[in-house]
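Structure, as structure tokens:
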Amino acid sequence: MDIPDGAAKKPTAVPDAMSEQEAAFEARIAADGRIEPQDWMPAAYRKTLVRQISQHAHSEIVGMLPEGNWISRAPSLKRKAILIAKVQDEGGHGLYLYSAAETLGTGRDEMLEGLHSGKAKYSSIFNYPTLNWADVGVIGWLVDGAAIMNQVPLCRCSYGPYARAMIRVCKEESFHQRQGYEALLVMMKGTEEQKAMVQDAVNRYWWKCLAMFGPPDADSPHSAQGMRWGIKRISNDDLRQKFIDATVPQAKVLGVTLPDPDLKWNEARGHYDYGQIDWDEFWNTVAGNGPCNKERLATRVKAHNDGQWVRDAALAYAHKQQERAIKEAA
């Protein structure tokens, strides 16, 4: 039927020009090319990048808090200088990443508002208490080690500004990992009490670090699309396995035991088998429950300003140790 002049016409579902733009985008992704800020990109691609890069930036900034609170408590001037430099690096990483996210049209104020309101997520590993100096070393060795395993593939991310920012971030994180490991090596050559501190810190952080790679691939809501777009290069499960395979030999040299009785070399697979992660705790944490609820950030910042948070955590830990000793003696 003919449409009368002046009558509203239904728009086509997808304009021809948009189809050409989308085809050009997909062709560049398929060719392993880079998408730059001035290039056309699907709205979902942009949204995914903003979510991932801003969460990454938030994690770098929040990650300054537990270590920054130990600067005044470092055991020597050398360790203090190293820790100051590391905390400064983490702040720089956050700035690089916020800048990368801004190229996608999202303002820094908007991203920070999401962080402060609890709407935006960040790595929950930084909401667990750092009880003693060994924790600072373990954060360098295991937490930064897991971060590096996650971040090195991002140097090949399909979005140019993110990929370029990650080159420097990974170089500095690699140094942080070695610095943390060296600090633990020194402690493991010390007193029995120092060795026990290191082992206790490893016991508390190991499973949390394995959860840093995200849920199993089958339960990950964003992994498949992220890999198709070239934002993510290696799956959660494969990254977790690479981290375990690399860390077990380091633990042997260090002289600590990783707290997993199922951790054994599988000759047929050519990898280490490992036990079951508590995914209920992981999803509770992601949902804002448990040790890192949405109200925690503001109270934690205040607590770190006056040091009370660490003192309270250390006191609670001492009470638990005392109760354990009483039970063992009974």
Side-chain angles (χ1 to χ4, degrees), residues 25 34-69 71 84-127 139 143-144 147-148 150-173 176 212 214 221-222 225-226 229-232 285-288 292-305:
F25 170 84
R34 287 282 187 273
I35 305 299
E36 298 297 339
Q38 68 274 16
D39 295 331
W40 182 90
M41 64 189 75
Y45 178 82
R46 186 186 302 273
K47 182 178 179 180
T48 297
L49 283 169
V50 170
R51 175 188 57 79
Q52 180 169 327
I53 299 174
S54 64
Q55 288 182 10
H56 192 166
H58 298 334
S59 298
E60 297 285 354
I61 298 300
V62 175
M64 298 166 66
L65 296 175
E67 293 176 307
N69 199 42
I71 290 174
I84 289 172
K86 182 184 179 187
V87 171
Q88 180 177 289
D89 284 349
E90 305 293 5
H93 298 171
L95 294 179
Y96 305 151
L97 293 165
Y98 284 133
S99 296
E102 284 176 317
T103 67
L104 293 158
T106 299
R108 191 171 305 190
D109 289 346
E110 181 182 346
M111 289 184 276
L112 290 175
E113 172 59 28
L115 171 65
H116 295 156
S117 67
K119 182 179 179 181
K121 295 182 174 64
Y122 56 88
S123 181
S124 63
I125 192 74
F126 300 118
N127 271 333
I139 287 174
V143 176
D144 290 341
I148 293 165
N150 266 320
Q151 292 172 0
V152 167
L154 292 174
C155 296
R156 297 185 292 112
C157 172
S158 61
Y159 188 59
Y162 193 17
R164 289 189 289 272
M166 290 312 303
I167 293 173
R168 178 167 180 171
V169 171
C170 287
K171 287 180 179 179
E172 293 178 349
E173 291 289 3
H176 298 165
M212 284 178 66
H222 303 294
Q225 184 61 70
W229 276 331
I231 297 173
K232 187 180 182 72
T285 298
V286 170
C292 38
N293 54 61
K294 293 181 179 179
E295 293 76 27
R296 184 72 178 271
L297 181 62
T299 55
R300 177 165 184 173
V301 171
K302 181 181 183 302
H304 273 79
N305 286 338

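Values reported hereafter were calculated over all heavy atoms of this structure, with side chains retained and with hydrogens, waters and symmetry mates removed.
With hydrogens and angles disregarded, a donor-acceptor distance shorter than 3.5 Å links the side chain of D39 to the backbone of E36. Checked by atom type and distance alone, the side chain of S123 never pairs as donor or acceptor with a backbone atom of S59 at under 3.5 Å. Between the side chain of R34 and the backbone N or O of C157, at least one donor-acceptor pair lies under 3.5 Å. Side-chain atoms of R108 do not come within 3.5 Å of backbone N or O of E102 as any donor-acceptor pair.
Between W229 and S158 the shortest heavy-atom distance is O-OG, 2.9 Å. The heavy-atom pair separating I139 from K86 by the smallest distance is CG2-NZ, 4.1 Å. Counting all heavy atoms, side chain and backbone alike, A57 lies closest to L97 at CB-CB, 3.6 Å. Taking every heavy atom of both residues into account, M111 and A101 meet most closely at SD-CB, 3.5 Å. Shown here for I53 and A100, the closest heavy-atom pair between the two residues is CG2-CB, 4.3 Å. Closest approach of M212 to A147, counting heavy atoms only: CE-N, 4.2 Å.
The side-chain hydrogen bond (donor to acceptor under 3.5 Å, both in side chains) search around Q55 returns none, not counting sequence neighbours.
Side-chain contact between H56 and E60 is present, with at least one heavy-atom pair separated by less than 4.5 Å. With contacts defined as side-chain heavy-atom distances shorter than 4.5 Å, the pair L115/V62 qualifies. Put simply, the side chain of T103 does not reach to within 4.5 Å of the side chain of Y162, judged on heavy atoms. Within the 4.5 Å cutoff, side-chain heavy atoms of E90 are placed close to those of E173. Within the 4.5 Å cutoff, the side chain of L154 has heavy atoms near those of the Q52 side chain. Within the 4.5 Å cutoff, the side chain of L112 has heavy atoms near those of the Y98 side chain.
Atom CZ of R168 has 12 or fewer heavy atoms from other residues, nucleotides or ligands within 6.0 Å. Shown here is Q225, whose CD atom has more than 12 heavy atoms of other residues, nucleotides or ligands within 6.0 Å.
For the atom pair CG (D144) and CD1 (I148), the distance works out to 6.5 Å, reported to the nearest 0.5 Å. Considering NE2 of H93 and NE2 of H176, their distance stands at 5.5 Å, rounded to 0.5 Å. The line from CE of M64 to CD1 of I71 is 8.0 Å long, rounded to the nearest 0.5 Å.
When each of L104, I231, T48 is paired with Y159, the side-chain contact (heavy atoms from CB on, under 4.5 Å) condition holds for L104 and for no other. For the side-chain contact (heavy atoms from CB on, under 4.5 Å) criterion with C155, the lone passing option out of K171, R164, M166 is M166.
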